[in-house]
Amino acid sequence: MQGTLLGTRATAVAAAGVFLHPNPAAGGCVSLSLPASLGQQGIGVSLLNALGQSVLQQYPAPSTEASRALALPGVARGLYTMRRQISAGALS
């Protein structure tokens, strides 16, 4: 068996300056960091499980703060994809 090392590159979300931390989440809460240009817009945040099912949706109010807390009520431990939705489109 021969292994192949795959390179990594910045995702569109990271390139846009969108970060969710800490990873893994601690205390049922994470911080969502957005660039100022996005933070002042109304946004939707969804967490998707491995099957692509939405397990949490939140709509934080527009803010001039770079980071905002997102509660994760009832979200089981595991790996999730975050999808951010604004009027210009979605990033996962």
Side-chain angles (χ1 to χ4, degrees):
M1 179 181 279
Q2 183 178 19
T4 302
L5 179 63
L6 301 175
T8 60
R9 60 185 171 104
T11 64
V13 174
V18 178
F19 299 97
L20 198 64
H21 53 90
N23 183 12
C29 188
V30 293
S31 291
L32 174 64
S33 297
L34 299 168
S37 61
L38 296 177
Q40 294 177 9
Q41 299 179 36
I43 61 170
V45 176
S46 299
L47 287 183
L48 308 174
N49 65 17
L51 299 174
Q53 299 164 324
S54 179
V55 297
L56 178 73
Q57 289 186 321
Q58 291 190 17
Y59 300 91
S63 173
T64 57
E65 297 293 320
S67 185
R68 62 196 77 192
L70 294 178
L72 303 174
V75 175
R77 293 177 63 119
L79 296 175
Y80 296 91
T81 299
M82 178 193 71
R83 175 170 289 157
R84 177 197 47 92
Q85 179 74 41
I86 61 170
S87 58
L91 287 175
S92 295

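No experiment lies behind these values; they were computed from the predicted model shown.
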Handout entry: side-chain contact (heavy atoms from CB on, under 4.5 Å) against Pro22, all qualifying residues, sequence neighbours excluded
Key = Ala26
Handout entry: Inter-residue atom distance Leu20.CG - Tyr80.OH, 0.5 Å rounding
Key = 12.5 Å
Exercise for the section: For residues Pro73 and Leu56, report the shortest heavy-atom separation together with the two atoms involved. Expected result: CD-CD1, 4.2 Å
If you look only at distance, which donor and acceptor atoms sit under 3.5 Å apart when one is on a side chain in residues 42-50 and the other is two or more places apart or in another chain?
| residue | atom | partner | partner atom | Å |
| --- | --- | --- | --- | --- |
| Asn49 | OD1 | Leu51 | N | 2.9 |
| Asn49 | OD1 | Gly52 | N | 3.2 |
| Asn49 | OD1 | Gln53 | N | 2.9 |
| Asn49 | ND2 | Gln53 | OE1 | 2.8 |

Completion exercise
Sequence neighbours excluded, the answer for side-chain hydrogen bond (donor to acceptor under 3.5 Å, both in side chains) partners of Ser54 is none
Practice task
Side-chain contact test, heavy atoms from C-beta onward, threshold under 4.5 Å: evaluate it for Gln58 versus Leu32 and give yes or no.
Solution key: no
